[in-house]
Amino acid sequence: MHDANRTANLLGAAVLAIGDLVRAETASAAGTSASGAAALVVLADAPDLSGTELGRRIGLSQPAAARMVDGLAEAGLVRRQRGSGKSVAIRLTAAGRDAADRALAARHDTLAGSIAGLDPARQATLAELLGTVLDRVYDRIGSAELICRLCDRAACVARQASCPVGAAQRERSGSDQREWSEDG
């Protein structure tokens with residue numbers, strides 16, 4: 001007989017352990033904090049965000065996001081660019097793009113290593129199950145940008161696959177919001 005409490009407990013342990021590894025490895029690869037690595041990945045996909053919007057997408061308050069952007073700018077990873085009116089857009093530098101690429105590569109290596117013991121059929125089953133779990137998680141968090149802040153978006157929609165988080169967002173909003181795609 002299946003024990004749902006045990007399954008939930010195993011999922012909790014796996015999520016925490018893998019999350020800790022991903023945060024540590026991506027931050028180390030990018031040479032930033034974990035939130036800095038997430039910001040670089042977000043900016044690689046969506047350049048010219050305001051500091052406030054960037055903070056929203058990675059789960060930081062406006063003051064914390066401003067401090068993080070200051071640090072990234074001091075490190076030469078981002079630059080601020082004046083927009084219209086009072087708006088200021090945040091854009092990656094070449095060094096920031098390289099750091100984002102290193103963060104995504106470290107993320108991939110950590111996650112691929114976590115499932116390396118599964119044969120391809122079990123990996124496919126896991127992908128299907130995780131899609132269902134992410135659909136439920138979206139209902140609690142309600143933000144595809146926040147959930148996918150460190151995602152390799154191109155990998156998620158490879159081979160005509162659909163991002164389960166983007167699908168949940170479109171379904172819940174009733175709009176035709178764009179599918180996450182390699183084109184951004």
Side-chain angles (χ1 to χ4, degrees), residues 1-30 33-46 49 53-61 65 100-184:
M1 179 169 211
H2 174 70
D3 183 349
N5 287 335
R6 181 173 188 273
T7 301
N9 191 54
L10 291 172
L11 175 63
V15 165
L16 269 170
I18 293 169
D20 288 346
L21 288 171
V22 166
R23 280 186 294 280
E25 293 298 321
T26 57
S28 176
S33 65
S35 59
L40 296 173
V41 170
V42 167
L43 288 168
D45 186 61
L49 295 177
E53 177 61 14
L54 179 60
R56 187 187 68 75
R57 289 189 184 196
I58 64 170
L60 293 179
S61 67
D101 290 345
R102 288 191 310 273
L104 280 175
R107 176 188 180 273
H108 171 268
D109 292 348
T110 301
L111 296 174
S114 297
I115 62 169
L118 301 176
D119 63 44
R122 285 188 168 182
Q123 287 184 22
T125 299
L126 180 59
E128 183 179 329
L129 294 171
L130 290 172
T132 301
V133 169
L134 285 166
D135 181 82
R136 297 286 303 220
V137 167
Y138 178 84
D139 288 336
R140 298 280 311 266
I141 295 175
S143 169
E145 290 89 359
L146 187 58
I147 294 169
C148 299
R149 68 188 175 272
L150 202 55
C151 280
D152 180 347
R153 294 174 188 233
C156 190
V157 297
R159 294 189 267 292
Q160 310 306 304
S162 176
C163 171
V165 177
Q169 182 171 298
R170 284 188 308 284
E171 180 182 297
R172 300 330 185 265
S173 70
S175 71
D176 61 344
Q177 293 183 16
R178 74 174 173 92
E179 178 73 29
W180 296 126
S181 71
E182 192 170 347
D183 298 331

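The first residue of the sequence shown is numbered 1, and numbering continues consecutively from there.
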Asks: How long is the gap from CG on Leu16 to CG on Leu21, to the nearest 0.5 Å?
Replies: 11.0 Å
Asks: Can you establish whether the number of heavy atoms outside Gln123 located under 6.0 Å from its atom CD is more than 12?
Replies: yes
Asks: Looking at every non-hydrogen atom in both residues, tell me the closest pair between Ala46 and Leu49 and how far apart they are.
Replies: O-CG, 3.2 Å
Asks: How far apart are the closest heavy atoms of Val42 and Ile58, and which atoms are they?
Replies: CG2-CG2, 3.8 Å
Asks: If you take all heavy atoms of Ser114 and Thr110, which pair is closest and at what distance?
Replies: OG-O, 3.0 Å
Asks: How long is the span from the CG atom in Leu40 to the CG atom in Leu54, to the nearest 0.5 Å?
Replies: 9.0 Å
Asks: Given Leu11 and Thr7, is the side-chain contact (heavy atoms from CB on, under 4.5 Å) satisfied, shown in steps?
Replies: CA-CA 6 Å; Leu11 175 63; Thr7 301; 5.6 Å; no
Asks: How close do Arg170 and Ser162 get, heavy atom to heavy atom, and via which atoms?
Replies: NH2-OG, 3.9 Å
Asks: Can you give me the closest heavy-atom contact between Tyr138 and Ile147, atom names plus distance?
Replies: CA-CD1, 3.7 Å
Asks: Are the side chain of Arg149 and the backbone N or O of Leu146 linked by a donor-acceptor pair below 3.5 Å?
Replies: yes
Asks: Measuring from Leu104:CG to Leu150:CG, what's the distance to the nearest 0.5 Å?
Replies: 6.5 Å
Asks: Please test Cys163 against Gln169 for side-chain contact (heavy atoms from CB on, under 4.5 Å), starting from the C-alpha separation and ending with a verdict.
Replies: CA-CA 10 Å; Cys163 171; Gln169 182 171 298; over 6 Å; no
Asks: Val22 versus Ile18: any side-chain heavy-atom pair under 4.5 Å?
Replies: yes
Asks: Checking Glu145 side chain against Arg56 main chain: does a donor-acceptor pair fall under 3.5 Å?
Replies: no
Asks: Considering non-hydrogen atoms only, spot the tightest contact between Ala103 and Val41 and give its length.
Replies: CB-CG2, 4.2 Å
Asks: Quick one: pull up CD1 in Ile115 and CG in Leu126 and give me the separation to the nearest 0.5 Å.
Replies: 6.5 Å
Asks: Could you check whether Arg172 pairs with Asp135 (Lys NZ or Arg NE/NH1/NH2 to Asp/Glu carboxylate O, under 4.0 Å)?
Replies: yes
Asks: Rounded to the nearest 0.5 Å, what separates atom CZ in Arg6 from atom CG in Leu10?
Replies: 4.5 Å
Asks: Salt bridge or not for Asp20 and Arg23, using N-O below 4.0 Å?
Replies: yes
Asks: Quick check for you: to the nearest 0.5 Å, what is the distance between Cys151 atom SG and Arg107 atom CZ?
Replies: 5.0 Å
